[in-house]
Amino acid sequence: VVLEGAGPRAFCAGGDVRALRRLVQAGDRAGVHRFFAAEYGLNRLIAEFPKPWISLIGGVCMGGGCGVSVHGSHRVVTEAALLAMPETAIALFPDVGMTHVLPRLPDSIGIWMGLTGARLAGAEAVEAGLATHFVPAARLDALRAALPAEGADAIARFAEPVPPGRIAALRPVIARCFGHDTPAAILAALDAEGTEWAREQAAILRRASPFSVAVSLEAMRRGARLPLADCLAMELRLTATVCFHPDFAEGVRAVLIDKDRAPHWSPADWKAVDPADVEHHFT
């Protein structure tokens with residue numbers, strides 16, 4: 001199977017969260033369940049698919065786009081690729097099986113991505129371990145033409161090595177700052193780091209929904225110990241409550257509808273997030 005985006009702008013920018021918000025506002029819990037059950041069911045089928053599943057990723061690949069690619073056997077990126085899981089910006093959490101994938105990336109790179117929505121461009125995704133091969137966009141047509149006859153073996157012939165770059169340079173500081181068990185400890189580590197990069201990450205976290213960040217971190221911590229099928233089941237349970245938390249509808253409004261980037265979180269203060277409330281969403 002070869003999967004590509006339709007058009008040059010994106011591989012897949014994710015699911016229709018505007019439609020999901022409408023279901024939430026209508027109180028349609030069954031509709032919300034169907035939305036995610038279908039998506040997560042597909043993610044599992046891709047992971048268990050017995051043949052090569054080759055994603056040719058150029059342009060944006062975010063959220064649900066990661067779900068239909070990273071569980072496959074081959075994730076080929078071009079220099080135009082941009083991979084991210086920006087769910088905390090809308091007060092959701094890294095889903096589509098990414099609670100399994102992200103905590104398994106080295107040096108807490110996945111925790112950093114899952115909490116901040118960090119975007120990896122092209123070869124950076126190979127550095128991080130999300131993508132398997134880098135093929136320049138100029139060679140993609142030739143690779144596509146070779147796949148029917150040669151199968152997945154053709155990829156190695158067109159791929160180029162990825163030298164250490166930005167992600168390799170960031171790995172030590174990411175490990176120092178994002179290897180902690182609580183959002184408060186991560187923020188304290190970033191504040192202590194004192195660099196421009198650390199200040200930027202701390203600012204991103206402080207703009208996000210405190211509730212969402214706490215749930216996201218706990219989900220990834222649990223996902224690090226679970227097989228993919230169990231992670232997807234955990235994510236499906238989470239959607240039944242997290243989507244109906246007031247922060248989700250507000251996050252989608254601020255980012256995708258009104259686009260004022262001025263959400264009003266509940267609670268707005270990190271210290272007001274009750275660990276027992278976070279734990280409740282996992283029971």
Side-chain angles (χ1 to χ4, degrees), residues 63 66 83-95 97-120 124 127-130 166-226 230-231 234-235 237-238 241-242 245-248 250-251 263-283:
C66 291
L83 279 71
M85 286 297 296
E87 272 61 26
T88 57
I90 56 170
L92 201 53
F93 58 90
D95 65 337
M98 295 303 280
T99 58
H100 176 83
V101 174
L102 291 177
R104 286 167 170 78
L105 298 184
D107 294 323
S108 298
I109 289 173
I111 305 300
W112 166 59
M113 291 187 65
L115 296 185
T116 67
R119 300 181 176 195
L120 304 188
E124 293 176 346
E127 278 190 89
L130 273 183
R166 182 177 76 105
I167 302 303
L170 284 173
R171 278 177 64 166
V173 66
I174 291 173
R176 283 197 303 273
C177 294
F178 286 87
H180 300 280
D181 290 340
T182 66
I186 290 172
L187 280 168
L190 288 168
D191 291 341
E193 197 70 26
T195 63
E196 183 61 29
W197 179 87
R199 284 190 289 272
E200 289 173 357
Q201 309 315 303
I204 291 169
L205 287 179
R206 289 187 168 104
R207 286 196 299 269
S209 157
F211 166 78
S212 171
V213 170
V215 168
S216 297
L217 181 58
E218 180 63 19
M220 289 186 286
R221 288 181 66 243
R222 292 178 181 231
R225 305 186 298 269
L226 297 174
D230 289 352
C231 285
M234 173 185 69
E235 293 171 8
R237 291 194 302 272
L238 281 173
T241 55
V242 172
H245 187 283
D247 279 4
F248 173 69
E250 174 64 4
H264 299 283
W265 302 129
S266 177
D269 188 341
W270 284 78
K271 296 177 182 177
V273 176
D274 185 352
D277 181 44
V278 173
E279 178 73 21
H280 172 72
H281 288 268
F282 291 86
T283 60

Let me have the donor-acceptor pairs involving side chains of residues 201-213, under 3.5 Å, with sequence neighbours excluded, atom names and distances please.
{"unit_1": "Q201", "atom_1": "OE1", "unit_2": "W112", "atom_2": "NE1", "d": "3.0"}
{"unit_1": "Q201", "atom_1": "NE2", "unit_2": "W197", "atom_2": "O", "d": "3.3"}
{"unit_1": "R206", "atom_1": "NH1", "unit_2": "D191", "atom_2": "OD1", "d": "3.3"}
{"unit_1": "R206", "atom_1": "NH2", "unit_2": "D191", "atom_2": "OD2", "d": "2.7"}
{"unit_1": "S209", "atom_1": "OG", "unit_2": "F211", "atom_2": "N", "d": "3.4"}
{"unit_1": "S209", "atom_1": "OG", "unit_2": "S212", "atom_2": "N", "d": "3.0"}
{"unit_1": "S209", "atom_1": "OG", "unit_2": "D247", "atom_2": "OD2", "d": "2.7"}
{"unit_1": "S212", "atom_1": "OG", "unit_2": "L92", "atom_2": "O", "d": "2.5"}

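Contact of the F93 side chain with the M220 side chain is not registered, since no non-hydrogen atoms from C-beta on lie closer than 4.5 Å. In this structure the side chain of E124 never reaches within 4.5 angstrom of the side chain of L83, judged on heavy atoms. Side-chain contact between V215 and H245 is absent, with no heavy atoms from C-beta onward closer than 4.5 Å. Taking the side chain as every heavy atom from C-beta outward, M98 and L130 approach each other to under 4.5 Å. Within the 4.5 Å cutoff, the side chain of R237 has no heavy atoms near those of the T283 side chain.
The shortest heavy-atom contact between G114 and L102 is CA-CD1, 3.9 Å. Minimum heavy-atom separation, F282 to A219: CZ-N, 3.6 Å. Across every non-hydrogen atom of W270 and P183, the tightest pair is CZ3-CB, 3.2 Å. For G97 against E235, the heavy-atom pair with the smallest separation is N-OE1, 2.9 Å. Closest non-hydrogen pair, L226 versus M234, comes out as CD1-SD, 4.3 Å. Contact detail for C231 and H100: the closest heavy-atom pair is SG-CB, 3.5 Å.
Of the inter-residue distances, the one linking I186 atom CD1 with T182 atom OG1 reads 7.0 Å to the nearest 0.5 angstrom. Interatomic distance, I174 CD1 to S108 OG, rounded to the nearest 0.5 Å: 8.5 Å. A distance of 11.0 Å separates OG1 of T116 from CD1 of I111, quoted to the nearest 0.5 Å.
A salt bridge (Lys or Arg N to Asp or Glu O under 4.0 Å) check over residues 266-280, counting only residues at least two apart or in different chains, returns the pairs R222-E279.
Without hydrogens or angle criteria, R171 side chain to I167 main chain gives no donor-acceptor distance under 3.5 Å. Side chain of T88 to backbone of L115: a donor-acceptor contact under 3.5 angstrom is found. At least one donor-acceptor pair closer than 3.5 Å links the side chain of R104 to the backbone N or O of G223. The backbone N or O of E250 sits nowhere less than 3.5 Å from a side-chain atom of H264 that would complete a donor-acceptor pair.
The salt bridge (charged side-chain N to carboxylate O under 4.0 Å, His left out) check on E87 picks up nothing, with sequence neighbours excluded.
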